[in-house]
Amino acid sequence: MTIRTRFAPSPTGFLHIGGARTTLYNWLFARHHKGTFILRIEDTDEVRSTEDSVTAILDSISWLGLDWDEGPVDETTDRGPYAPYYQMKRLDLYRKCVRQLIDAGLAYACYCTKEELDAMRKAAVAEKRPAVYDGRCKKLTDRQKAEHEAAGRKPSVRFSIPETGETVVDDMIRGRVSFDNRLLPDLIIQKATGGPTYNFACVVDDHAMEITHVIRGDEHLSNTPAQQLLYAALGWTPPKFAHLSMILGPDGSKLSKRHGATSVLEYKTAGFLPSAMRNYLALLGWSTTDSRQLFFGSELVETFDLGGCQKNPAVFDQTKLTWMNGEHLRKLGHEELMRHAEPFLKAAGLAGPLDPPLDLTVGLEGEKCKLLADIPGRVEIFYKDVVFTPKALDGVLKKPGVKEVLLDLAGLLEGVEPYGEKALEEKIRGYCEAKALKTGQVFHPLRTALSGRTEGPTLFGMMEVLGRAKSVGRLKAAAALL
RNA sequence: GGCGUGUUCGUCUAGCGGCCUAGGACAUCGCCCUCUCAAGGCGAAGAUCACGGGUUCAAAUCCCGUACACGCCA
């Protein structure tokens, strides 16, 4: 049997970190086992669902480098043997299943209003009884039903949960979890509006799409027994379930906007790499026995399995993500680095054929960065007029003897042949020796005069890439300031 | 309120009864390398394994209770 997993987002906003990790795990599990990964859009919340959200979610998943075998092609169309993959296009199926349950006596119309339900719950709490719906509408006579209909009440449909026994969920991550059926309320499967509820549509579709493993967030664990009962009532075999622990913010509460960036796309614009994001997210709730940290290329797919999943929640740590991003950045080949860096360079006004070529400057500085967004700031010294930082000007340049050194070197550079890193280093070290100066006394002012900063690329490499004319010009300009 | 889940360095985690005087990684601090910044190397500090009881020759590991956190019912 081939494994089929799915990610089923509601298009009511952006794909956030938690959703991204759920997607990743489903994808990794499917790919690891040579199975199929499906995307299904749960857009039954007509008020909050938007096409923009679909776009954002699909873009986010694509950016992460996760591909789906069946599901949406764009905001309105889809492809695959079990199409459609938009729940709003499958309403007939849900109604048919609701009908089946009603006919079998396993579901019933409930006319209770929100106010009545609230009152019931309050009364139950006051009397210290479990706040479970008491199933009163199950016993309604035809005449009472007719009265409610006549009064204009629109019923929802509830699924009858057995009143005795217990339901055991055999979760792949949490083990056997049992629930007392008496404490399970009769689940609403169809809203008064006629639309299916999340818990019902999800069951119908997972069965229809032959999903074998449902990997989802911990928040769904409590709904699982009712869903399992639904499978049984419909005569279906349930899939295997795996409930992932939650992702928390630094203060221990559920990760949310006030903790900073939660949308995947925000991480894209902040300069994170998809591979680093995958690597980090994979490790939030999953690990190998050797606590391995770094996974490149296909290594995650090869190594991942549900066995290493953690039961307890994990705090999202952007600092570690950032470290990991640096590791992935350094692992990139030059071509790839350039491709990833391009949008960030462009955004900083660095595009097109430039002198010196971006290939060279990014090559010199790229690997020192942790974020793609850091790259422009490191290479801009080659393209913009020199601006001296206070530390550079007061701390390095405005020292006795510096002016002479700069002028000497400007002259020296004119005569270096061939003009390149190796020859430059040789000549300048020779100069230091001849003048009995420590290399630091020369190198530091030199770097500062050339870049305006006290830190930056390797000195002679910078001079080579900058070229003779610009280098000499910058030295003279700096000397003139002193 | 009921039910469910969870609790190992600040953070992510290893650990599945003796190898644990609890290992790795990020972050922190120090040293080394070095033309600076990164990277890298080495090292330090950091966890009475939530707490309290059991079981056992032996418990972070098994059992029970308590506390707290989170989730679901909403």
Side-chain angles (χ1 to χ4, degrees), chain A residues 114 117-118 121-122 124-133 166-167 169 171 173-175 177-188 199 217-226 243-255 280-294 307-327 329-330 364-370 374 377-378 381 391-392 395-396 424-425 428-429 432 438-448 450-451 453-463:
Chain A
K114 191 175 182 306
L117 292 171
D118 280 345
R121 186 165 56 238
K122 273 190 192 134
V125 170
E127 293 168 34
K128 297 201 192 281
R129 283 184 289 114
V132 180
Y133 177 68
E166 59 172 25
T167 300
V169 175
D171 190 273
I173 294 172
R174 327 194 88 90
V177 185
S178 70
F179 297 83
D180 186 338
N181 289 161
R182 282 172 304 179
L183 268 15
L184 261 24
D186 285 352
L187 187 74
I188 297 182
N199 282 111
D218 195 21
E219 67 270 25
H220 292 111
L221 182 59
S222 299
N223 292 325
T224 309
H243 288 93
L244 272 19
S245 55
M246 312 228 64
I247 297 179
L248 273 24
D251 61 355
S253 67
K254 191 174 172 175
L255 190 66
Y280 180 70
L281 253 21
L283 254 27
L284 258 195
W286 170 80
S287 64
T288 54
T289 48
D290 58 358
S291 291
R292 180 175 168 190
Q293 301 295 309
L294 267 8
C309 285
Q310 192 75 14
K311 294 191 188 93
N312 50 301
V315 172
F316 186 80
D317 179 7
Q318 194 163 322
T319 308
K320 184 162 180 180
L321 203 209
T322 305
W323 161 76
M324 206 170 258
N325 202 64
E327 296 294 319
L329 213 57
R330 253 163 258 124
L364 216 45
E365 288 293 273
E367 69 167 28
K368 294 181 182 177
C369 299
K370 285 191 166 153
D374 295 342
R378 290 198 83 111
I381 53 165
K391 196 175 160 198
V396 180
L424 284 164
E425 176 158 10
I428 293 170
R429 283 190 188 276
C432 295
K438 281 191 268 183
T439 54
Q441 289 177 280
V442 174
F443 290 177
H444 295 318
L446 192 52
R447 144 168 295 103
T448 305
L450 289 168
S451 68
R453 302 178 184 179
T454 50
E455 83 291 314
T458 172
L459 185 55
F460 307 106
M462 170 165 68
M463 294 173 81

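Just so it is clear, the values below take in all heavy atoms, side chains as well, and ignore hydrogens, waters and symmetry mates. In what follows, chains are A, B, ... by sequence order, proteins preceding strands, each numbered from 1.
Within the 4.0 angstrom heavy-atom criterion, base atoms lie near A/G456. Within 4.0 Å (heavy atoms only), A/R378 reaches at least one base atom of the nucleic acid. At a threshold of 4.0 angstrom between heavy atoms, the contacts of A/T439 with the nucleic acid are absent. A/L283 comes within 4.0 angstrom of sugar-phosphate atoms only, judged by non-hydrogen atoms across all strands, and of no base. If you check every strand for non-hydrogen atoms under 4.0 Å, A/G326 touches nothing. When heavy atoms are screened at a 4.0 angstrom cut-off, A/T458 is found touching base atoms of the nucleic acid. No engagement by A/P225 is indicated, since no non-hydrogen atom pair under 4.0 Å with the nucleic acid exists. Residue A/F179 is classed as a sugar-phosphate contact, given heavy-atom separations below 4.0 Å to backbone atoms only.
In this structure, CH2 of A/W286 is placed 12 Å from P of B/G15, rounded to the nearest angstrom. The CH2-C1' distance, from A/W323 to B/C26, rounds to 7 Å in whole Å. Residue A/L248 contributes atom CG, which lies 15 Å from atom P of B/G6 at whole-angstrom precision. Atom CG of A/L364 is separated from atom P of B/C37 by 16 Å (rounded to the nearest Å). Counting to the nearest Å, the C1' atom of B/G71 and the NE2 atom of A/H220 are 11 Å from each other. For the pair A/I247 CD1 and B/G71 P, the computed distance is 14 Å after rounding to whole Å. For the pair A/I381 CD1 and B/U36 P, the interatomic distance rounds to 16 Å; values are reported in whole Å. In this structure, NZ of A/K311 is placed 11 Å from P of B/U5, rounded to the nearest angstrom.
Between B/C72 and A/N223, no contact under 4.0 Å exists linking OP1 or OP2 to a side-chain N or O. Contact check, A/Q318 against B/C26: no side-chain N or O comes under 4.0 Å of OP1 or OP2. For B/A14, the OP1/OP2 oxygens have no side-chain nitrogen or oxygen of A/R292 closer than 4.0 Å. Taking side-chain N and O atoms only, A/N312 has no distance below 4.0 Å to OP1 or OP2 of B/A69.
Across B/G71, B/C3, B/A14, the shortest atom-to-atom separation from the side chain of A/M246 is found for B/G71. Out of B/G6, B/G23, B/C72, the shortest distance to the side chain of A/S291 is found at B/G23. Closest to the side chain of A/R447, out of B/C35, B/G15, B/C12, is B/C35. Here the nucleotide nearest the side chain of A/E219, chosen from B/C72, B/A14, B/U5, is B/C72. For A/P313, the side-chain atoms get nearest to B/G6 when compared with the rest of B/C12, B/C70, B/G6. Taking every side-chain heavy atom of A/E327 into account, B/A39 is the closest of B/A39, B/U36, B/G6. Distance from the side chain of A/E455 is smallest to B/U36 among B/G15, B/U36, B/U11. Closest contact between the side chain of A/Q310 and the listed nucleotides B/G71, B/U13, B/C35 involves B/U13. Nearest nucleotide to the side chain of A/H444, out of B/U13, B/U5, B/U36: B/U36.
When the C1' atom is used for both B/G54 and B/A45, the distance is 36 Å, rounded to whole Å. Using P as the reference atom, B/U21 and B/U5 are 32 Å apart when rounded to the nearest Å. For B/G46 and B/G24, the P atoms lie 14 Å apart once the distance is rounded to whole Å. Rounded to a whole angstrom, the distance from the C1' atom of B/U55 to that of B/G43 is 42 Å. Taking atom C1' on both nucleotides, B/C9 is separated from B/A47 by 4 Å, rounded to a whole Å.
Crowding of A/R182 atom CZ: a count of heavy atoms from other residues, nucleotides or ligands under 6.0 Å not exceeding 12.
The pair A/R378-A/D374 does not count as a salt bridge, with every side-chain nitrogen at least 4.0 angstrom from each carboxylate oxygen.
Atoms CH2 and CG, on A/W323 and A/L294 in that order, are 4.5 Å from each other to the nearest 0.5 Å.
Position along RNA chain B of the nearest nucleotide to A/L284 versus A/N199 favours A/L284 as the more 5'-ward residue. Mapped onto RNA chain B by nearest heavy atom, A/S287 and A/Q293 fall at different nucleotides, with A/S287 at the one closer to the 5' end.
When both pairing distances are held under 3.5 Å, B/C26 makes a Watson-Crick or G-U pair with B/G10. Remark: B/G71 base-pairs with B/C3; criterion is Watson-Crick or G-U wobble with both hydrogen-bond distances under 3.5 Å. Pair check for B/U21 finds none; no Watson-Crick or G-U wobble contact set falls under 3.5 Å. B/G46 is unpaired under the Watson-Crick or G-U wobble criterion, no partner having all donor-acceptor distances under 3.5 Å. Using Watson-Crick or G-U wobble geometry with both donor-acceptor distances under 3.5 Å, B/U61 finds no partner in any strand shown.
Side-chain polar atoms of A/H243 and A/D218 form no donor-acceptor pair below 3.5 angstrom.
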Steps toward side-chain contact (heavy atoms from CB on, under 4.5 Å) verdict (A/M463, A/I428): CA-CA 12 Å; A/M463 294 173 81; A/I428 293 170; 3.8 Å; yes
side-chain contact (heavy atoms from CB on, under 4.5 Å) between A/K370 and A/N325, worked out: CA-CA 6 Å; A/K370 285 191 166 153; A/N325 202 64; 5.7 Å; no
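Within the 3.5 Å criterion, the main-chain N or O of A/R292 finds a donor-acceptor partner in the side chain of A/T288.
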